[in-house]
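Down below is the structure, laid out as C-alpha cells.
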Number of protein chains: 2
Amino acid sequence: MEEVNKKILLVEDDPNFGTVLKDYLMMNDYDVVHAKNGMEGFEKFKKDDYDLCILDVMMPYKDGFTLAKEIREKNSDVPIVFLTAKAMKEDVLKGYKVGADDYLNKPFDSEVLLMKIKAIMQRKATETISDSKQFEFKIGRFDLNSKLRFLRFDGGEPIKLSPKENELLRLLALHENDLMPRELALTKIWRDDNYFTSRSMDVYIAKLRKYLKPDEKVEILNIHGEGFRLVIND
Amino acid sequence: MEEVNKKILLVEDDPNFGTVLKDYLMMNDYDVVHAKNGMEGFEKFKKDDYDLCILDVMMPYKDGFTLAKEIREKNSDVPIVFLTAKAMKEDVLKGYKVGADDYLNKPFDSEVLLMKIKAIMQRKATETISDSKQFEFKIGRFDLNSKLRFLRFDGGEPIKLSPKENELLRLLALHENDLMPRELALTKIWRDDNYFTSRSMDVYIAKLRKYLKPDEKVEILNIHGEGFRLVIND
DNA sequence: CATTTTTGTTAACATTAGGTTAAATGGTAA
DNA sequence: TTACCATTTAACCTAATGTTAACAAAAATG
C-alpha cells in the first residue's frame, strides 16, 4: 500500500507550541509545513497543495481570519481549522463565516485533535474525488482555464474572468448538461444564501451569457426555482 | 418564496431545555421534530427524512451514541451533532468514532449553534448533488426527467414542466398502472389536504392529460373518490 | 330520477423568480 | 489621494408558476 501522507499547513506563531504540535502531527503520519506567521503562511500555501490548514487566530501582522479569507479566495475547498486561546463568541462566528471547518481551543487534547482531523479529512475525501483537480474545461468552442481564470473562444484572445465569474462558470461546467442547483453555487461561492446573494448570482449569470454568446450552441438555461443548466447543443 | 425548510430531528430528554431549543430553531426557519428520548427519536427518524440530527448524549433508556449508531446504520449521510453537558474526552472521541459532525457543550450560545448548523448544512449540500435518486421515467412514448423537469415525446423537443406538474407526474409514474391516492399527492406535493388544494390538483391533472395526449396509449384515469391512475395500454 | 358530490376545464388573477441595466460600495494599486 | 476593478444593491420589467372562481360534466346516492 503505497500511500502518500496527507499534507498539513500549520500556521502558528508561538514557536514552542508550534513545534510540539508539528512533531506530534508528524509522528502520526502527516506531512507538516510550519509557518511562523500569516504572511509566511500564505506564501507557503500558494507554493503547494494542502489537505488541511490549521491556523492560529491570534498572530502578529496577519491574523488567522485574514489568512483564511485569502486562502478561500485562492481555493474554496481546503478544510480550515482554527486554533484559539480563548473561544470568544465573535471569533467563533467570524470563523464560521470565513468557512471554518472546525474550532479548537488551546490547550486542547492532542487525541481529540487527531480525531477531528480524521473526521474532516473523511468528509472532504468524498467531495475531493469529484471536483478537486478539475481546472480545464471545453465548453462548446470555448476553453475555460479556471486556474488562470480565462475563457478563450476558438483559440483566440482569452477573456479574463473575475473570480466569481470564473467559479460560477466552473461550477456550471462541472455539471454540464445537468442541473447546477442555485443553492450549490450560493453556498460554495457566496457562502451564504439570501435574497441579495441570489440576485448577485443572477447578475453573474447574465455576464456569463454575454461571454458565451459567440457560440450559439452554448447556452445557460434556467430551471425555475431550481438553478441553471449549461447546455451544449449539437 | 416557496422554499422548503430544513428538517431537524432534536432528541433531548430535558423538557425545558428541549422546548426552548426547539422554539429557537423554529424561529430560525427550521422544521423541528422533538423526541423526548432515544427510542422515540429512532422511531421518528425512521418515519421521515431529516437534514440534521441533534442528539443529547445523556438520555435514559437509550443514549445519544447508541441512537447515532442506529441512525448511521439506516442512513450514513445525515449530519449528526451531539449535545453534552460536560465535554469529557472519552465522549468526544466516541462521538467522532460514531461519525459526529460536530459537538456542542451545554450551555452553549444559540448563535453559535445556528452558525454551526449552517456550516454543516453547507458542507452536506455539496455532497448531496450526486445522490442518484430515481429521476428518469419512461411513460409510453414519453421520457420524463424529473430532475431537469422535462417531458419528451419520441425523443423530440422536450416540454418544460413546472415543479408541481413535474412532481405530480412523477408520483403518478411511481405508481404506474396502480392507484395514486389523492391524499398522497396532496400531502406530499401540496403539504395540505383541503378543498382548494384538491381543486388545484385537478387543474394539474388536466394539464398533464393535455401534455400526454400525443400518445393515445397513455392516459390518466380517475378513480372516483380515491385518486388517479396512470395507465399505459398496449 | 332528482340531488349531491366529485371531477374536468378554462380563464382571471396574484405571486414569485429571473433578466437586465445601471448606480452604489468597497477594496487595491498606482 | 485618485482611478480602477470586482462585487453588491437597486430598480424596473418580463416570464413562470400557482391559486381561485366559475361553470360544465360525470359519478354516486337514495
Side-chain angles (χ1 to χ4, degrees), chain A residues 42 62 65-66 69-70 72-74 76 97-98 146 149-151 159-169 172 179-183 185-186 188-213 219-230, chain B residues 1-4 146 148-151 158-169 172 179-183 185-186 188-213 219-230:
Chain A
F42 192 53
K62 187 184 284 181
F65 295 130
T66 312
K69 239 184 273 176
E70 291 175 0
R72 280 276 173 265
E73 266 164 36
K74 271 198 67 68
S76 62
K97 215 162 234 160
V98 186
S146 69
R149 294 214 316 253
F150 65 56
L151 181 67
I159 305 164
K160 283 195 245 174
L161 298 181
S162 82
K164 288 249 161 40
E165 291 167 349
N166 176 57
E167 281 293 290
L168 187 54
L169 185 52
L172 285 165
L179 171 68
M180 194 283 287
R182 264 195 116 76
E183 202 206 339
L186 292 175
K188 272 220 153 192
I189 303 177
W190 277 266
R191 305 199 155 269
D192 193 9
D193 181 349
N194 61 45
Y195 173 77
F196 289 111
T197 53
S198 197
R199 301 318 331 275
S200 194
M201 170 171 170
D202 290 333
V203 171
Y204 276 92
I205 290 289
K207 292 180 184 186
L208 292 181
R209 284 190 172 127
K210 206 169 283 175
Y211 289 146
L212 296 174
K213 204 158 255 170
E219 36 182 357
I220 297 175
L221 301 181
N222 173 253
I223 299 178
H224 201 97
E226 298 289 331
F228 294 91
R229 197 158 83 93
L230 175 67
Chain B
M1 186 77 81
E2 136 93 66
E3 200 173 318
V4 181
S146 70
L148 301 178
R149 291 211 319 247
F150 66 58
L151 181 68
I159 305 164
K160 285 200 253 176
L161 298 181
S162 84
K164 287 246 159 48
E165 292 166 350
N166 176 57
E167 283 291 289
L168 187 54
L169 184 52
L172 286 164
L179 171 67
M180 194 283 287
R182 260 198 121 74
E183 202 206 337
L186 292 175
K188 274 218 155 191
I189 303 177
W190 276 266
R191 298 178 176 281
D192 192 11
D193 181 349
N194 61 44
Y195 173 76
F196 288 113
T197 52
S198 196
R199 300 318 332 277
S200 195
M201 170 171 169
D202 290 332
V203 171
Y204 277 92
I205 290 288
K207 292 180 184 183
L208 291 181
R209 286 189 171 125
K210 204 172 284 177
Y211 289 147
L212 295 173
K213 206 157 254 172
E219 36 182 357
I220 298 174
L221 303 181
N222 173 254
I223 299 177
H224 202 93
E226 299 290 330
F228 295 91
R229 199 157 83 90
L230 175 67

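In the text below, chain A, chain B and the rest are named by the order of the sequence lines, each starting its count at 1. Nothing here was measured: the structure is a model prediction, and the numbers come from that model.
- The V203(B) side chain lies nearest to dA21(D) when the options are dA21(D), dT17(D), dT9(D).
- If you measure from atom CD of E183(A) to atom C1' of dG18(C), you get 18 Å, rounded to the nearest angstrom.
- The nearest whole Å value for the distance from the CD atom in E226(B) to the P atom in dA28(D) is 11 Å.
- As judged by a 4.0 angstrom heavy-atom cut-off over every strand, D202(A) is placed among the base-contacting residues.
- Of the candidates dT7(C), dG18(D), dT8(D), the closest approach to any side-chain atom of H224(B) belongs to dT7(C).
- We find that CD1 of I205(B) is positioned 16 Å from C1' of dT19(D), with the value rounded to whole Å.
- Side-chain N or O atoms of R229(A) include none that pairs as donor or acceptor with a backbone N or O of L179(A) at under 3.5 Å.
- Looking only at side-chain heavy atoms (C-beta outward), P163(B) and R149(B) come within less than 4.5 Å of each other.
- The side chain of N222(B) lies closest to dT7(C) when the candidates are dT7(D), dT7(C), dT17(D).
- Per the geometry, CD belonging to E165(A) stands 7 Å off P belonging to dT7(D), to the nearest Å.
- D193(A) has its side chain within reach of E183(A): a pair of non-hydrogen atoms, C-beta onward, lies under 4.5 Å apart.
- Here W190(A) does not reach the OP1 or OP2 of dT7(D): none of its side-chain N or O atoms lies under 4.0 Å away.
- Listed pair T197(B) / dT19(D) fails the phosphate criterion, with no side-chain N or O lying under 4.0 Å from OP1 or OP2.
- Residue order along DNA chain C, read from the 5' end via each residue's closest nucleotide, puts Y195(B) first among Y195(B) and K207(B).
- The interatomic distance linking L186(B) (CG) with dT6(C) (P) rounds to 13 Å, in whole Å.
- The nucleotide whose nearest atom lies closest to any side-chain atom of F196(B) is, among dG8(C), dA21(D), dG18(D), dA21(D).
- Residue side chain R199(B) reaches the base of dG8(C) through a donor-acceptor N/O pair under 3.5 Å, judged by distance alone.
- Among the atoms of the strands shown, base atoms are found under 4.0 Å from some heavy atom of S200(A).
- In this structure, of dT6(C), dT20(C), dT17(D), it is dT17(D) that holds the atom nearest to the side chain of Y204(B).
- Although no hydrogens or angles enter the test, the distance criterion places no donor-acceptor pair under 3.5 Å between the side chain of D192(B) and the main chain of L186(B).
- Residue contacts shown for R209(B) are limited to sugar-phosphate atoms, with no base heavy atom under 4.0 Å away.
- Rounded to whole angstrom, the span from the CG atom of L161(A) across to the P atom of dT7(D) amounts to 10 Å.
- In the set dA6(D), dT10(C), dG8(C), dT10(C) carries the atom at the smallest distance from any side-chain atom of K210(B).
- Rounding to whole angstrom units, CD1 of residue I223(B) and C1' of dG8(C) are separated by 17 Å.
- When atom types are taken as modelled, the side chain of R182(B) and the backbone of M201(B) share no donor-acceptor pair closer than 3.5 angstrom.
- Atom CD1 of I220(B) is separated from atom C1' of dT9(C) by 14 Å (rounded to the nearest Å).
- Residues L169(A) and Y211(A) fail the side-chain proximity criterion, which asks for heavy atoms closer than 4.5 Å.
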